[in-house]
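Below: the structure, in structure tokens.
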Amino acid sequence: MSTSANFFEKVYQVARQIPYGKVTTYGAIAKAIGAAKSARMVGYAMNGAGEREDVPAHRVVNRKGVLTGKHHFSGTNLMQQLLESEGVQVKDNQIQNFQEVLWEPEILSE
DNA sequence: CCAATGACTACAA
DNA sequence: GTTGTAGCCATTG
């Protein structure tokens with residue numbers, strides 16, 4: 001495997017730590033895994049995480065609290081429904097009480 | 001190896 | 001506040 005394998009693993013590891021009814025941002029995860037400048041890669045990793053039920057990709061949004069990656073889910077509003085099902089208010093693909101439901105992961109250390 | 005892509009973010013106008 | 005440009009870096013062709 002490649003070095004990037006660890007990168008994905010770290011992303012999944014942090015994503016799994018997201019508590020119920022909470023959300024986080026790509027930048028927060030990227031920073032937590034020690035790759036704050038690789039926020040894009042976090043979203044990219046989420047692509048493969050969609051198959052993993054252990055990784056709630058629907059709880060990961062961009063820094064504005066917008067469901068930018070909803071198109072990657074099965075349906076067009078599946079991501080929003082999942083969030084609303086957890087008590088997260090979403091409107092027009094954007095989380096309303098974003099700051100209230102926002103959860104920041106802890107920095108991973110080796 | 002080089003070029004293009006992307007579920008991002010920050011800054012400038 | 002909106003729009004545009006640039007930086008970022010792993011993946012893919």
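Protein chains get the first letters and strands the later ones, always in sequence-line order, with residue 1 at the start of each.
- Checked by atom type, the side-chain pair A:Lys70/A:Asn77 shows no donor-acceptor distance below 3.5 Å.
- Rounded to a whole Å, the CZ atom of A:Arg40 is 15 Å from the P atom of B:dA4.
- Going from atom CE of A:Met46 over to atom P of B:dA7 covers 13 Å, rounded to whole Å.
- For the pair A:Gln94 CD and C:dG1 C1', the interatomic distance rounds to 14 Å; values are reported in whole Å.
- Between the OH atom of A:Tyr26 and the P atom of B:dT9 there is a distance of 8 Å, rounded to whole Å.
- Salt-bridge formation is not detected for the pair A:Lys22/A:Glu86: no Lys NZ or Arg NE/NH1/NH2 atom is positioned less than 4.0 Å from an Asp or Glu carboxylate oxygen.
- In this structure, CG of A:Asn77 is placed 17 Å from C1' of B:dA7, rounded to the nearest angstrom.
- Within 4.0 Å (heavy atoms only), A:Ala35 reaches no atom of the nucleic acid at all.
- Summary of the strand contacts: A:Lys64 and A:Lys37 both lie near DNA chain C, and taking for each the nucleotide with the nearest heavy atom, the more 5' one is attributed to A:Lys64.
- With contacts defined as side-chain heavy-atom distances shorter than 4.5 Å, the pair A:Gln17/A:Trp103 qualifies.
- Side-chain contact between A:Ile95 and A:Leu67 is present, with at least one heavy-atom pair separated by less than 4.5 Å.
- Interface remark: the A:Tyr44 side chain does not form any donor-acceptor pair with the B:dA7 base, using a distance-only criterion of under 3.5 Å.
- Put simply, A:Arg63 has a side-chain N or O that comes within less than 4.0 Å of OP1 or OP2 on B:dA10.
- Taking every side-chain heavy atom of A:Phe8 into account, C:dA10 is the closest of B:dA7, C:dA10, C:dC8.
- Between the side chains of A:Gln80 and A:His58, not a single donor N or O lies within less than 3.5 Å of an accepting N or O.
- When the P atom of C:dC9 is taken as reference, atom NZ of A:Lys31 falls 16 Å away, rounded to whole Å.
- The phosphate of B:dC8 (OP1 or OP2) has no side-chain N or O of A:Thr25 nearer than 4.0 angstrom.
- Put simply, CD on A:Glu9 is 16 Å from P on C:dA10, counting in whole angstrom units.
- Taking atom CD1 of residue A:Ile29 and atom P of nucleotide B:dT9, one finds them 10 Å apart after rounding to whole Å.
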